[in-house]
Colleague: 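Handing you this structure, nothing more for now.
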Amino acid sequence: DVVMTQSPLSLPVTLGQPASISCRSSQSLVYSDGNTYLNWFQQRPGQSPRRLIYEVSNRDSGVPDRFSGSGSGTDFTLKISRVEADDVGVYYCMQGTHSITFGQGTRLEIK
Amino acid sequence: QVHLVESGGGVVQPGRSLRLSCAASGFTFSNYAMHWVRQAPGKGLEWVAFISYDGGNKSYADSVKGRFTISRDNSKNTLYLQMNSLRAEDTAVYYCAKDRSYDYGGNSPDYWGQGTLVTVSS
């Protein structure tokens, strides 16, 4: 099974400052069709998960451009350019190339 | 817009069974693969099961294989999860999620329901 490892697991950030979450997979996430099925989800307190980013770097509809995804192969990053209060929650990476597995989650809080 | 509503959760004794349902609307249900994903209290997300658009392809997490069965009724726009031989460690919120694609391979759950809580306890 593909293991997804996120860091850090806890991320205190000052409002208006940038934030970055790393996600590493135990094997390459490039699928046979040439695409890389690495996604990022946000789960605000008390809510269902919401997909933010698909295929490494594509933002879902309605997602602010403060959020960006990058990476390739086995190393991926979610960046928030300027953290807002609304961004508090847990962020998960998820791979859909080899079945489906999630990272452990990164809890973002305001400092 | 896409709307997914889970139901069927509740409190059940270890070893008993429960069936979850997920009513879908706002998209052509029969064109898309679907997932069940669960979240134990205070824990992260765990993928549980997948079913292709026509039910022909199914896949399960090792933790539920042989005990859980995913199915769908495209005439009713409804997804199901039959859970047998339930254990305390199956206690979780269960979410249904629509996939971006119609079959297995290169998958990404793009829309999620609000979840239904299953508690396994004597």
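Computed over heavy atoms, backbone and side chain alike; hydrogens, waters and symmetry mates excluded. Per chain, numbering begins at 1; letters A, B, ... match sequence-line order.
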Colleague: Is there a continuous path of hydrophobic side-chain contacts, each under 4.5 Å between heavy atoms, that joins A:I100 to A:F41?
Modeller: yes
Colleague: Do A:M94 and B:L45 have side-chain heavy atoms sitting under 4.5 Å apart?
Modeller: no
Colleague: For residues 52-81 of chain A, which residue pairs pass the disulfide (SG to SG under 2.5 Å) check, not counting sequence neighbours?
Modeller: none
Colleague: With chain B as the partner chain, list the residues of residues 69-88 of chain A whose heavy atoms fall under 4.5 Å from it, by residue number, and write 'none' if nothing qualifies.
Modeller: none
Colleague: Could you identify which residues cluster with A:V30, counting Ile, Leu, Val, Met, Phe, Trp and Tyr as linked when any side-chain heavy atoms lie under 4.5 Å apart, either directly or through a chain of such contacts?
Modeller: none
Colleague: Using a cut-off of under 4.5 Å for heavy-atom pairs, which of B:P109, B:G113, B:G115 has the most such pairs with chain A?
Modeller: B:P109
Colleague: Would you mind checking chain A against chain B for donor-acceptor pairs under 3.5 Å and listing them?
Modeller:
| residue | atom | partner | partner atom | Å |
| --- | --- | --- | --- | --- |
| A:Y37 | OH | B:R100 | NH2 | 3.2 |
| A:N39 | OD1 | B:S108 | OG | 2.8 |
| A:Q43 | OE1 | B:Q39 | NE2 | 2.9 |
| A:Q43 | NE2 | B:Q39 | OE1 | 2.9 |
| A:Q43 | NE2 | B:Y95 | OH | 3.3 |
| A:S48 | OG | B:G113 | O | 2.6 |
| A:R51 | NH1 | B:S108 | OG | 2.6 |
| A:Y92 | OH | B:Q39 | NE2 | 3.3 |
| A:G96 | O | B:G106 | N | 3.2 |
| A:G96 | O | B:N107 | N | 2.9 |
| A:S99 | N | B:Y104 | OH | 3.4 |

Colleague: If I compare all heavy atoms of B:L20 with all of B:G9, which pair ends up nearest, and what's the gap?
Modeller: CD2-N, 3.7 Å
Colleague: If you measure from CD1 on B:I70 to SG on B:C96, what distance do you get to the nearest 0.5 Å?
Modeller: 9.5 Å
Colleague: What part of B:V93 gets within 4.5 angstrom of chain A, counting heavy atoms only: side chain, backbone, both, or neither?
Modeller: neither
Colleague: Same cluster or not: B:F68 versus B:L79, using hydrophobic residues (I, L, V, M, F, W, Y) connected whenever any side-chain heavy atoms lie under 4.5 Å apart?
Modeller: yes
Colleague: Please step through side chain to side chain contact (heavy atoms under 4.5 Å, CB included) for the pair B:V37 and B:F50, ending with a clear verdict.
Modeller: CA-CA 9 Å; B:V37 179; B:F50 164 95; over 6 Å; no
Colleague: Do you know which two heavy atoms are closest between B:L18 and B:G10, and how far apart they sit?
Modeller: CD2-N, 4.2 Å
Colleague: So if you build clusters from Ile, Leu, Val, Met, Phe, Trp, Tyr with side-chain heavy-atom gaps below 4.5 Å, do A:L15 and A:V13 land together?
Modeller: yes
